[in-house]
Amino acid sequence: MATTTKRLRVLRELYASIPPVACKGLCVASCSHILLAPVEVLNIARGGEAPATVEVMGHAMLAPADEHGRCPYLVLGRCSIYERRPFICRAFGA
């Protein structure tokens, strides 16, 4: 079983392989119901407390901030955890 440190290192390597995309705030309409890998929960938690999640078909999903399912990290139309955002968010636009 890989250690947490190794998992986070592998995750960072995966993230580094995705072409960088400068934030233009265009993903706001898609910023909802975000599924996470367990290591992504750990990565987000590095910035403070662990994110609130709910289980959906055996997978962690960020607990929606409102009845529209918006990501709890969407603040004033921008991602408040941009440097720690999940894979799905990084792949948007890449």
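We use all heavy atoms of the structure for the numbers below, so side chains are in, but hydrogens, waters and symmetry mates are not. These figures come from a predicted structure and were not determined experimentally.
Note that CG of Asn43 and CZ of Arg7 are 13.0 Å apart. Values are rounded to the nearest 0.5 Å. Within the model, atoms CG of Leu35 and CD of Glu55 stand 11.0 Å from one another, a figure rounded to the nearest 0.5 Å. One distance of note links OG of Ser30 with CD1 of Ile88; it measures 9.5 Å at 0.5 Å rounding. Between Arg70 atom CZ and His68 atom NE2 the span is 5.0 Å, to the nearest 0.5 Å. Atoms CZ and CD, on Arg90 and Glu40 in that order, are 8.5 Å from each other to the nearest 0.5 Å.
Across all their heavy atoms, Tyr73 and Ile81 have their closest contact at CD2-CG2, 3.5 Å. The two atoms that bring Pro51 and Val41 nearest to each other are CD-O, 3.7 Å, heavy atoms only. Taking all atoms of both residues into account, the shortest heavy-atom contact from Arg46 to Leu8 is CD-CD1, 4.1 Å. Listed here is the closest heavy atom pair of Val28 and Gly77: CG2-O, 3.2 Å. Among all heavy-atom pairs drawn from Cys89 and Ile34, the shortest one is SG-CD1, 4.0 Å. Taking both residues in full, the closest heavy atoms of Leu74 and Cys79 are given as CD1-N, 4.5 Å, listed atom of the first, atom of the second, then distance.
Between His33 and Met61 the shortest side-chain heavy-atom distance falls below 4.5 Å. Residues Phe87 and Leu36 are not in side-chain contact: their nearest non-hydrogen atoms beyond the backbone lie 4.5 Å or more apart.
The hydrophobic cluster containing Ile18 also contains Val39, counting ILVMFWY residues as joined when their side-chain heavy atoms lie under 4.5 angstrom apart, directly or transitively.
Figure legend: Arg85 and Tyr82 shown as a cation-pi pair, the cationic atom lying under 6.0 angstrom from the six-membered ring centre and within 45 degrees of its axis.
A donor-acceptor pair is defined here as one N or O able to donate and one able to accept, closer than 3.5 Å; such a pair exists between the side chain of Asp66 and the backbone of Gly69.
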Kindly indicate, with the supporting measurements, whether the criterion side-chain contact (heavy atoms from CB on, under 4.5 Å) is fulfilled by Thr4 and Leu42. CA-CA 8 Å; Thr4 299; Leu42 295 171; 3.8 Å; yes
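Checked by atom type, the side-chain pair Tyr15/Glu83 shows no donor-acceptor distance below 3.5 Å.
For CD of Glu13, the number of neighbouring non-hydrogen atoms (other residues, nucleotides, ligands) closer than 6.0 Å is greater than 12.
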